[in-house]
A.B. asks: 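Here you go, one structure.
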Amino acid sequence: MDTNSLTPHGPDAAHISGLFWLMVTMGTVIYIVTMTALVVALFRGRQGARPSRFSDNAFIVGGGVVVPTLVLFVLAFATVRATNKVTAPRRDAVRLEVVGYQYWWRVEYHTPVRATTANEVHIPVGRPVDITLTSVDVNHSFWIPELAGKVDTIPGQRNLLHLQADKAGTYRGQCAEFCGLQHTHMAMLVIAEPQADFDRWVRTQARPAAAGSAVFEHQSCAGCHTIRGTSADGTLGPDLTHLAGRRTLGAVTAPNTAQNLAKWIHNAQDFKPGSLMPPVPMDPAELDALVAYLETLE
Ligand code: CUA
């Protein structure tokens with residue numbers, strides 16, 4: 001899995017990376033020139049009164065006004081150009097909405113079929129994706145370093161982010177705005193796959209669950225979670241209709257295995273202290289039945 005912001009895998013990340021390297025290069029050149037001038041001046045001082053080839057005024061006007069103006073002009077131009085490129089509207093974009101919660105991400109697809117999932121963003125390779133970002137509680141920041149820049153999710157406000165992956169793969173994303181105890185474990189996975197695989201995935205996500213579970217619906221689970229097609233319709237926690245198809249639990253906190261799922265339900269606070277999921281006391285037979293049911297939610 002790739003997480004390096006210095007290796008862009010899409011055009012938006014590439015514009016930002018290009019700007020970063022331009023700034024690093026110009027900063028390095030200016031530093032070397034300034035330090036060289038300083039060293040030369042120190043040694044000239046010791047040798048005594050050899051006259052300078054520059055007049056003081058030419059040096060001040062050139063080095064203090066003309067050069068900084070040029071440097072700032074180049075950087076401003078490059079910044080505005082990169083910003084325009086990463087915010088320009090695109091045709092044929094996949095539209096989705098991501099909502100930040102303490103400490104996970106709800107993902108809504110507005111493709112021809114509508115689907116809801118959590119913490120995993122599937123996208124088709126080579127196609128632009130427009131993401132509307134907001135939050136239900138505090139400020140978070142949605143950041144997939146290799147695919148795009150960082151955009152805040154703010155309650156009551158809708159921000160827009162464009163991204164595109166040029167190569168199939170799994171890209172790790174991270175909440176990049178401190179939002180509470182489990183800020184670190186507020187991660188997400190972006191899975192870029194061929195269009196046909198994406199279409200199949202999103203159709204699966206749009207389907208309701210084949211069956212319900214008495215344990216899920218009668219325990220407190222249904223108060224916070226939705227399983228579409230059953231009477232469980234809570235909205236405080238992630239939609240679990242296709243939980244078994246996800247790779248991780250708790251927003252990339254632990255691999256999605258039956259064992260971890262049982263531990264998570266028993267006491268999520270062991271995995272993610274401070275998360276909003278309370279311990280759910282139930283007898284072992286009920287827990288086994290519940291985990292077996294959740295495992296069927298492909
Ligand atoms: Cu959400 Cu940090």
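Being a predicted model, the structure only gives us computed values, none of them experimental. Every number for a ligand or one of its atoms is a count from 1 in the order of the listing.
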A.B. asks: Output the atom name for the N/O/S atom of His140 with the smallest distance to atom 1 (Cu) of ligand 1.
C.D. replies: ND1
A.B. asks: Please identify which of these residues, Asp233, Leu236, Leu240, meets the side-chain contact (heavy atoms from CB on, under 4.5 Å) condition with Thr226.
C.D. replies: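 When Asp233, Leu236, Leu240 are each tested with Thr226, the side-chain contact (heavy atoms from CB on, under 4.5 Å) holds only for Asp233.
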A.B. asks: Working note: Asp239 + Arg106, criterion salt bridge (charged side-chain N to carboxylate O under 4.0 Å, His left out); need CA distance, chi angles, decisive distance, verdict.
C.D. replies: CA-CA 8 Å; Asp239 181 305; Arg106 192 179 85 213; over 6 Å; no
A.B. asks: Are His183 and Phe178 close enough that their ring centers fall under 6.0 Å?
C.D. replies: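 Aromatic pair counts; centres sit under 6.0 Å.
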A.B. asks: For the atoms O of Glu177 and SG of Cys175, give the angle they form at atom 2 (Cu) of ligand 1, rounded to 10 degrees.
C.D. replies: 90°
A.B. asks: With a cut-off of 2.8 Å, does Met186 put an N/O/S atom close enough to atom 1 (Cu) of ligand 1?
C.D. replies: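 So Met186 counts as coordinating atom 1 (Cu) of ligand 1, yes.
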A.B. asks: Could you tell me which N, O or S atom of His183 is nearest to atom 2 (Cu) of ligand 1?
C.D. replies: ND1
A.B. asks: Has Cys179 got an N/O/S atom less than 2.8 Å from atom 2 (Cu) of ligand 1?
C.D. replies: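 Here the distance criterion (N, O or S atom, under 2.8 Å) is met by Cys179, so yes.
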A.B. asks: When rounded to the nearest 0.5 angstrom, what distance separates CD in Gln205 from OG1 in Thr117?
C.D. replies: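 Nearest 0.5 Å value for the CD-OG1 distance: 4.5 Å.
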A.B. asks: Compute whether any side-chain donor of one residue and acceptor of the other, for Thr134 and Glu97, lie under 3.5 angstrom apart.
C.D. replies: no
